[in-house]
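Chain letters run A, B, ... following the sequence lines, proteins first and then strands; every chain starts at 1. Note that this is a predicted model, so its numbers are computed, not measured.
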Protein chains: 2
Amino acid sequence: METPHDTLFRTLADPTRRALFERLCRDGEQTVGALTAQAGVSQPAVSKHLAVLKTAGLVADRHEGRQTHYSAQLNALAPLIDWTSRMAGFWEGRFDKLEDLLNRMDQ
Amino acid sequence: METPHDTLFRTLADPTRRALFERLCRDGEQTVGALTAQAGVSQPAVSKHLAVLKTAGLVADRHEGRQTHYSAQLNALAPLIDWTSRMAGFWEGRFDKLEDLLNRMDQ
DNA sequence: CCAACCCATAACCCCAGAGTTATACGAAAA
DNA sequence: TTTTCGTATAACTCTGGGGTTATGGGTTGG
């Protein structure tokens with residue numbers, strides 16, 4: 001069986017795929033064509049990556065006529081945050097960890 | 001060129017390797033033998049994974065006699081936190097995001 | 001209806017990398 | 001010194017999965 005962490009890390013490990021997800025986070029909903037234009041790989045490759053992202057719950061698709069719009073689903077990152085927090089929790093106290101996060105976000 | 005995010009995600013994508021890192025976070029410093037005993041793979045495989053983790057800065061090694069002790073380096077997770085925060089930042093305001101993180105840590 | 005278009009799927013190639021066994025190397029023990 | 005132990009490296013195999021081109025399946029426009 002594959003845990004949510006397995007799925008997330010594996011899905012985000014590929015640079016091309018992660019770039020697609022980042023773009024959807026940055027620029028919002030995009031069509032496959034728009035994504036392909038900047039992906040640096042062929043359209044079928046983009047479609048496959050989007051399918052993987054969808055399976056992982058990281059994106060959602062919306063069909064409109066003959067084009068498909070994809071959008072990022074930020075909730076799917078929750079297991080990643082959980083995992084990081086847990087790893088951090090093994091080390092330092094809760095408040096230290098929080099402080100770190102806040103400082104990091106401030107800069 | 002490979003960004004810190006690339007390295008981190010790629011390194012943590014493998015379940016066996018991530019399990020090794022998690023164990024080092026949980027139980028602290030461990031010898032290769034101790035890690036091998038629970039890894040479910042051969043000792044050379046464990047050594048290779050540890051080498052990859054070391055290259056990524058996720059672990060440090062300490063030689064004592066004929067055994068090598070490995071320990072987790074939590075600082076190396078910083079780019080992962082940065083990345084997650086940045087993705088979250090594209091979506092919601094800073095306070096909403098913070099609230100989410102706090103809620104998540106509370107449970 | 002037919003053509004052009006957008007996207008998904010099929011079929012295939014190729015290689016990075018995770019696993020193995022065998023072996024080399026340094027340190028402790030005999 | 002010789003042997004045994006702990007770990008790293010070498011050499012190799014093999015599978016997963018990311019890339020490609022070709023094609024299918026709806027959808028819009030002429």
Does His49(B) make a side-chain N or O approach to OP1 or OP2 of dG19(C) shorter than 4.0 Å?
yes

Closest non-hydrogen atom pair between Cys25(B) and Ala72(B), with its separation
SG-CB, 3.8 Å

Roughly how many Å is it from CG in Leu53(A) to C1' in dA8(C), rounded to a whole number?
15 Å

Check for a donor-acceptor pair, side chain of Arg17(A) on one end and backbone N or O of Thr11(A) on the other, with a separation under 3.5 Å.
yes

For dT20(C) and Ser42(B) - does any side-chain N or O of the residue sit under 4.0 Å from the phosphate oxygens OP1/OP2?
yes

Just the atom pairs and distances: protein N or O near nucleotides 6-14 of chain D's N or O, under 3.5 Å.
{"from": "dT7(D)", "atom 1": "OP1", "to": "Val32(B)", "atom 2": "N", "distance (Å)": "3.3"}
{"from": "dT7(D)", "atom 1": "OP2", "to": "Gly33(B)", "atom 2": "N", "distance (Å)": "2.8"}
{"from": "dT7(D)", "atom 1": "O3'", "to": "Thr68(B)", "atom 2": "OG1", "distance (Å)": "3.2"}
{"from": "dA8(D)", "atom 1": "OP1", "to": "Tyr70(B)", "atom 2": "OH", "distance (Å)": "2.8"}
{"from": "dA8(D)", "atom 1": "OP2", "to": "Ser47(B)", "atom 2": "OG", "distance (Å)": "2.6"}
{"from": "dA8(D)", "atom 1": "N7", "to": "Gln43(B)", "atom 2": "NE2", "distance (Å)": "2.9"}
{"from": "dA8(D)", "atom 1": "N6", "to": "Gln43(B)", "atom 2": "OE1", "distance (Å)": "3.4"}

Hey, are Glu2(A) and Arg10(A) close enough for a salt bridge, meaning a charged N less than 4.0 Å from a carboxylate O?
yes

Can you name the closest pair of heavy atoms from Phe21(B) and Gln73(B) and give their distance?
CE1-N, 4.5 Å

Gap between atom OH of Tyr70(B) and atom CG of Leu50(B) - 0.5 Å precision:
5.0 Å

Can you sort out which residues in residues 2-22 of chain B have a heavy atom within less than 4.0 Å of DNA chain D? Ascending by number, please.
none

Less than 3.5 Å apart, any donor N or O on the side chain of Gln30(A) or His69(A) sitting next to an acceptor on the other?
no

Show your working on side chain to side chain donor-acceptor pair (under 3.5 Å) between Thr3(B) and Asp6(B) and close with a plain yes or no.
CA-CA 5 Å; Thr3(B) 73; Asp6(B) 285 330; 3.3 Å; yes

Can you say whether the rings of Phe9(B) and Phe9(A) are parallel (under 30°), tilted (30 to 60°) or perpendicular (over 60°)?
tilted

